[in-house]
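Written below as structure tokens is the structure these notes are about.
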Amino acid sequence: MAYWLFKSEPNKWSWDQQVARGEAGEQWDGVRNYLARNNMRAMKIGDRGFFYHSNIGKEIVGVVEVCAESHPDSTTDDPRWDCVDIKAVKPLVRPVTLAEVKADSRLDKMALVTSMRLSVQPVTDEEWKIICALGGIDP
DNA sequence: GCCAACGTTGGC
DNA sequence: GCCAACGTTGGC
């Protein structure tokens, strides 16, 4: 199983909205970046990801699970863009802020720090464990 | 609201 | 196929 990180501006699509979708999940559409798309194409059902609020909050707030593998993005006719569906699993007991991630030397290789603008990022097993621990949840 | 970083587009 | 222009993202 692989781990990922999904970025969203909470005034466009927030964690609360994701939770409200329940088991049905929601397609992670609107990604127009090849690297982010390739990451989504690599995802398998059951892969887990962090849900990150950019701009407002700048913190990791929850855990999501991939519930549909890569398929065409219904918000565009352009065949280049695919997306996956994700559903909320559980919130972090304590959100982990970008400042905390940057301050932790164990996390300075994290894509969140090194590829700041990439909206769908891979997360290593090690990073996953560290952030779960910081967030007060079981990995 | 500003601005730096960076990915994409399009002319040549 | 290169590279300048442009648009968008996202931290501050």
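Proteins come first, then strands; the chains are lettered A, B, ... in the order of their sequence lines, and each starts at number 1. Computed over heavy atoms, backbone and side chain alike; hydrogens, waters and symmetry mates excluded.
Between Thr75(A) and Asp73(A), the side chains place a donor N or O and an acceptor N or O closer than 3.5 Å (distance only, hydrogens not considered).
The distance from atom OH of Tyr52(A) to atom C1' of dG11(C) is 8 Å, rounded to the nearest whole Å. At whole-Å resolution of the value, CG in Asn33(A) and P in dG7(C) are 18 Å apart. With rounding to whole Å, Arg32(A) atom CZ is found 14 Å from dG7(B) atom C1'. Going from atom CZ of Arg80(A) over to atom P of dG7(B) covers 16 Å, rounded to whole Å. One can place CD of Gln121(A) at 13 Å from P of dC6(B), the figure rounded to the nearest angstrom. Leu35(A) places its CG atom 16 Å from the P atom of dT9(C), with the value rounded to the nearest Å. Across the protein-nucleic acid pair, Lys58(A) atom NZ and dT9(C) atom P stand 17 Å apart, rounded to whole Å. Across the protein-nucleic acid pair, Asn55(A) atom CG and dC2(B) atom C1' stand 13 Å apart, rounded to whole Å.
Listed pair Lys7(A) / dG10(C) meets the phosphate criterion, a side-chain N or O lying under 4.0 Å from OP1 or OP2. In this model, the phosphate group of dC6(B) is not approached by any side-chain N or O of Tyr34(A) to a distance below 4.0 Å at OP1 or OP2.
Annotation for Trp4(A) and Trp128(A): closest pair O-CZ3, 4.0 Å, computed over non-hydrogen atoms. Scanning both residues, Met40(A) and Val120(A), for their nearest heavy atoms gives CG-CG1, 3.9 Å.
Surrounding CG of Asp77(A) are at most 12 heavy atoms belonging to other residues, nucleotides or ligands under 6.0 Å away.
Nearer the 5' end of DNA chain C, as judged by each residue's closest nucleotide, is the contact made by Lys12(A), out of Lys12(A) and Lys102(A).
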